[in-house]
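Here the structure comes first, spelled out in structure tokens, and everything after it is commentary.
Predicted model only: the values in this text are computed from it and were never measured. Chain identifiers are assigned alphabetically (A, B, ...) following the order of the sequence lines, protein sequences preceding nucleic acid strands; residue numbering begins at 1 within each chain.
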Amino acid sequence: MTAAPETTLVEPSANMDLLRFATAGSVDDGKSTLIGRLLFDSKSIFTDQLESVERTSQERGDEYTNLALLTDGLRAEREQGITIDVAYRYFATPRRKFIIADTPGHIQYTRNMVTGASTADLAIVLVDARKGLVEQSRRHAFIVSLLRVPHLVLAVNKMDLVDWSEEVFEQISHDFTNFASKLDIPDLTAVPISALLGDNIVSRSENMPWYDGPSLLHHLEHVHHASDRNLVDVRFPVQYVIRPQSTQHADYRGYAGQVAGGVLKKGDEVMVLPSGLTTRIAGIETADGPVAEAYAPMSVTVRLEDELDVSRGDMICRPHNQPCVAQDIDAMVCWMTDAPLVPGQKLAIKHTTRSARTVVKDVQYRLDVNSLHRDEGAGELGLNDVGRVRLRTTAPLLADEYRRNRITGGFILVDESTNRTVGAGMITGAS
Amino acid sequence: MTFHDYQLTQIDILESESIHIIREVTAELERPALLFSGGKDSIVMLRLAEKAFWPAPIPFPVMHVDTGHNFPEVLDFRDRRVAELGVNLVVASVQDAIDRGVVREEPNGSRNRIQTPVLLEAVEKNRFTALFGGARRDEEKARAKERVFSFRDEFGQWDPKDQRPELWNLYNGRIHLGESIRIFPLSNWTELDVWQYIARERIEVPSIYYAHEREVFSRDGMLFANNEFCRPRDGEDTFIGKVRYRTVGDATLTAAVGSDADTIEKIIEEVAATRLTERGATRGDDRVSEAAMEDRKKEGYF
Ligand SMILES: Nc1nc2c(ncn2[C@@H]2O[C@H](COP(=O)(O)OP(=O)(O)OP(=O)(O)O)[C@@H](O)[C@H]2O)c(=O)[nH]1
Ligand SMILES: [Mg+2]
């Protein structure tokens with residue numbers, strides 16, 4: 001029989017709002033433990049999951065139930081006690097649904113951290129209170145800012161091991177704020193926690209009366225992220241042309257895609273790029289019927305008044321607000337494979353729904369993630385390096401600066417022989 | 001469904017993302033197919049595919065890996081739905097593969113593991129390069145690690161230690177000949193989301209998902225139906241219980257749960273309140289070992 005229904009935190013409502021967040025920080029700073037604790041204390045763990053984790057902990061001879069096992073689900077992760085790849089977990093409170101990406105701290109798996117953080121609305125950077133900021137904390141904070149995750153939480157963890165010391169917390173917050181001031185971080189909150197013992201995770205800790213901020217969960221539930229999307233610049237990358245070959249819809253031609261920015265309305269004058277032809281929106285449709293307006297991240301089908309030649313990879317925008325149609329692209333690139341990125345190298349590039357080939361013209365500098373010093377003599381980017389690169393593409397991209405739009409400003413680089421995704425790019429300029 | 005401040009609800013966001021994924025695959029990969037078992041997740045996935053191409057028909061076939069251990073209600077449902085949509089159905093039959101000597105029946109009678117080679121054979125024969133699966137990350141800890149686009153080598157194998165980075169909504173579907181991609185459009189959906197969507201969209205699901213009376217017996221703390229695939233052993237007494245299915249898989253392995261939820265509203269309430277995961281409550285196959293799912297996936301399972 002199913003367990004008798006208990007009262008639950010989750011109101012069965014599909015109409016909640018959604019917050020995606022990712023963990024970040026150095027190895028063993030307690031990211032997975034924190035997620036385990038958050039799930040456990042918000043009663044989002046199922047009995048069978050908990051039993052399985054308890055059993056595994058016991059078999060391994062752990063002193064306590066290792067909550068990190070709730071996300072470290074791979075055999076290799078459990079053997080080594082580290083996170084290798086992102087784990088996605090889901091929970092909801094009456095206020096919000098959350099999608100968590102628990103990312104690895106190990107430098108070797110930075111690409112997986114980047115994967116988890118790329119879609120996040122908020123990132124929690126953990127720092128071990130005993131160790132303070134280490135290179136990997138800076139690297140992750142930097143990547144979070146580079147990816148323009150709009151909200152950042154500094155969680156100073158393992159406060160139980162430093163006697164819940166206010167001084168330690170203040171010192172680390174101070175160091176972090178100093179470092180963060182050189183980055184582009186619009187919203188920063190610091191919380192002292194013990195992921196292991198649950199202090200300041202769901203409710204306020206009694207061990208740290210000096211802290212008068214919110215618990216971590218309270219912050220996650222209340223952080224305002226409605227205004228993070230771009231509702232100004234209309235961007236609609238055409239993904240797929242819908243042309244039913246049927247008598248009933250003989251002349252139907254619709255452009256399907258996911259809105260990347262702005263608000264599209266029926267009757268709006270629009271321009272199609274790269275052709276530059278203009279027309280009006282005849283209607284915006286979905287399988288459930290027409291909609292008056294479309295905005296990110298809606299998937300809709302746009303119909304145009306005139307029969308233009310429009311295909312996948314084209315972009316619908318407004319005549320007075322266009323992305324740059326450009327083949328010379330400047331971007332910050334995270335490099336994610338062993339063989340270095342070097343000038344002259346040819347790669348495949350995917351940007352919105354457009355694919356092209358590209359050649360690396362120049363590696364302008366490599367960033368030292370600790371000092372944020374620009375090494376202009378580097379000449380190449382190695383595994384896990386971040387640097388500024390100039391690319392030339394075989395076909396124009398319809399590009400925005402990443403800081404204006406994470407969707408029309410981001411691209412991936414793919415190795416043409418192995419087909420692996422080897423780089424992530426954030427456009428800083430295009431011409 | 002929207003508020004004045006251009007906010008979407010979480011279920012709208014999930015729907016929109018899934019539609020984006022389905023369209024992306026169809027635009028970039030040559031021969032996709034959608035795995036359709038008649039279970040709730042694949043029903044939702046098929047509905048999303050229908051929406052993604054409306055008013056055009058779904059531009060790819062659906063495939064069912066038929067273990068031969070089916071609930072008749074589910075097979076009926078499968079055939080009805082396929083006829084309604086006018087899509088092609090490819091059936092890869094495990095029984096047929098056994099008869100041809102391609103795979104051998106396992107001693108415990110379960111066909112869960114031997115369906116993998118049957119699936120891979122059908123993929124090869126039909127030259128499918130992409131398979132949509134209805135798996136969700138909330139189901140199981142190895143699934144929680146998987147990408148939306150899950151790259152598989154020419155043996156259909158998953159390498160969890162070496163997955164492709166996956167950024168924003170940019171998916172890399174590039175493969176060499178013989179390789180393929182498994183695509184999971186419902187990655188970010190939970191069991192509760194699936195039911196809420198079924199309710200919102202008024203989607204029909206096979207009757208076995210609703211509470212009904214059935215002759216069952218108890219084994220390993222789970223309730224199994226007494227049918228041709230699964231008979232009580234000595235000491236296991238059958239009784240008539242009010243049950244429903246939370247998952248639909250191989251009938252020898254899939255257990256029912258005691259339930260009074262005979263309407264969609266009651267199911268949603270029940271799912272919201274349950275303290276057991278759907279696989280934990282109903283799947284014999286995951287109990288083999290801690291890493292049972294990971295191991296099966298490495299071999300080419302969904
Ligand atoms: N005393 C104490 N120990 C903690 C706390 N949080 C985590 N730990 C311990 O720190 C160790 C590492 O924790 P994990 O959660 O695996 O660390 P992680 O950041 O996920 O590590 P990676 O994912 O491999 O980068 C484990 O032994 C935890 O039990 C804390 O608040 N206090
Ligand atoms: Mg971890």
Side-chain angles (χ1 to χ4, degrees), chain A residues 1-3 5-6 8 10 12 14-18 46-49 56 71 73-76 84-90 97 99 111-112 114-115 118-119 226 231 239-240 242-244 249 252 256 258 263 286-287 295 297-299 312 336 348 350 406-407 410-412 414 419-421 424, chain B residues 5-11 13 16-17 19-20 23-24 26-27 50-57 137-138 141-142 144-145 160-161 163-170 172 174-176 187-188 190 192-193 196-197 200 223 257-259 268-270 272-277 280-281 290-291 294:
Chain A
M1 301 285 283
T2 24
E6 287 170 24
T8 162
V10 186
N15 298 328
M16 280 187 281
D17 138 66
L18 178 68
F46 294 93
T47 317
D48 51 317
Q49 289 173 328
T56 308
T71 59
L74 297 176
R75 193 195 289 278
I84 292 174
D85 209 333
V86 198
Y88 293 92
R89 296 302 303 253
Y90 306 82
K97 176 179 170 181
I99 299 182
R111 60 174 183 268
N112 298 334
V114 174
T115 292
S118 70
T119 52
L231 292 168
Q239 190 182 11
Y240 193 85
I242 295 184
R243 292 209 59 181
H249 301 283
Y252 189 98
Q258 188 172 29
V263 180
T286 71
Y295 42 90
M298 287 167 75
S299 281
R312 174 173 165 86
M336 306 190 288
K350 185 171 180 188
R406 281 169 92 179
I407 296 301
F411 61 81
I412 56 170
V414 177
N419 288 332
R420 296 193 56 105
T421 305
Chain B
D5 57 353
Y6 299 112
Q7 280 297 97
L8 293 180
T9 64
Q10 67 105 4
I11 204 89
I13 294 175
S16 173
E17 277 183 4
I19 288 176
H20 171 81
R23 287 172 173 165
E24 201 60 12
T26 314
E50 190 185 359
K51 284 191 162 192
F53 302 103
W54 179 93
R137 286 169 175 157
D138 79 323
K141 59 188 183 306
K145 295 273 166 182
K161 285 179 75 175
Q163 301 194 81
R164 289 179 177 177
E166 193 165 84
L167 285 103
W168 305 293
N169 64 353
L170 293 177
N172 175 358
R174 294 171 68 110
I175 48 171
H176 290 122
S187 285
N188 287 328
T190 64
L192 188 58
D193 296 328
Q196 287 176 336
Y197 192 71
R200 185 182 94 166
L223 293 176
V257 295
S259 169
I268 289 175
E269 256 174 64
E270 186 188 280
T274 184
R275 302 310 310 149
L276 287 176
T277 63
E290 266 297 293
E294 181 179 340

Could you tell me which portion of [X] (side chain, backbone, both or neither) has an atom closer than 4.5 angstrom to a non-hydrogen atom of chain B?
{"X": "Ile407(A)", "value": "side chain"}
{"X": "Tyr252(A)", "value": "side chain"}
{"X": "Val414(A)", "value": "side chain"}
{"X": "Ile99(A)", "value": "side chain"}
{"X": "Arg312(A)", "value": "side chain"}
{"X": "Gln239(A)", "value": "both"}
{"X": "Lys97(A)", "value": "side chain"}

Ignoring hydrogens, what is the shortest heavy-atom contact between [X] and [Y]? Give both atom names and the distance.
{"X": "Ala52(B)", "Y": "Ile242(A)", "result": "O-CD1, 3.6 Å"}
{"X": "Tyr240(A)", "Y": "Ala27(B)", "result": "CD1-CB, 4.0 Å"}
{"X": "Thr71(A)", "Y": "Lys145(B)", "result": "O-CE, 3.2 Å"}
{"X": "Lys350(A)", "Y": "Glu24(B)", "result": "NZ-OE2, 2.7 Å"}

Of the listed Glu50(B), Arg164(B), Arg137(B), the one with the largest count of heavy-atom pairs under 4.5 Å with chain A is Arg137(B)
Drop me the distance from [X]'s [atom1] to [Y]'s [atom2], to the nearest 0.5 angstrom.
{"X": "Tyr90(A)", "Y": "Asp138(B)", "atom1": "OH", "atom2": "CG", "answer": "7.0 Å"}
{"X": "Thr115(A)", "Y": "Leu167(B)", "atom1": "OG1", "atom2": "CG", "answer": "5.0 Å"}
{"X": "Asn419(A)", "Y": "Ile175(B)", "atom1": "CG", "atom2": "CD1", "answer": "8.5 Å"}
{"X": "Glu17(B)", "Y": "Leu18(A)", "atom1": "CD", "atom2": "CG", "answer": "7.5 Å"}
{"X": "Phe411(A)", "Y": "Leu170(B)", "atom1": "CZ", "atom2": "CG", "answer": "10.0 Å"}

For residues [X] and [Y], determine if any side-chain heavy atom of one lies less than 4.5 Å from a side-chain heavy atom of the other.
{"X": "Leu8(B)", "Y": "Met298(A)", "value": "yes"}
{"X": "Thr421(A)", "Y": "Glu166(B)", "value": "no"}
{"X": "Pro160(B)", "Y": "Asp85(A)", "value": "no"}

Side chain, backbone, both or neither: which part of Ser187(B) has an atom under 4.5 Å from a heavy atom of chain A? backbone
Passes side-chain contact (heavy atoms from CB on, under 4.5 Å), Glu294(B) versus Leu74(A)? Steps please. CA-CA 7 Å; Glu294(B) 181 179 340; Leu74(A) 297 176; 3.7 Å; yes
Exam field: side chain Ser118(A) to backbone Trp168(B), donor-acceptor pair closer than 3.5 Å: yes
With distance as the sole test, does Ser16(B) use its side chain to make a donor-acceptor pair with the main-chain N or O of Ser299(A) at under 3.5 Å? yes
Most heavy-atom pairs under 4.5 Å with chain B, out of Gly410(A), Ala348(A), Pro244(A), Ala76(A), belong to Pro244(A)
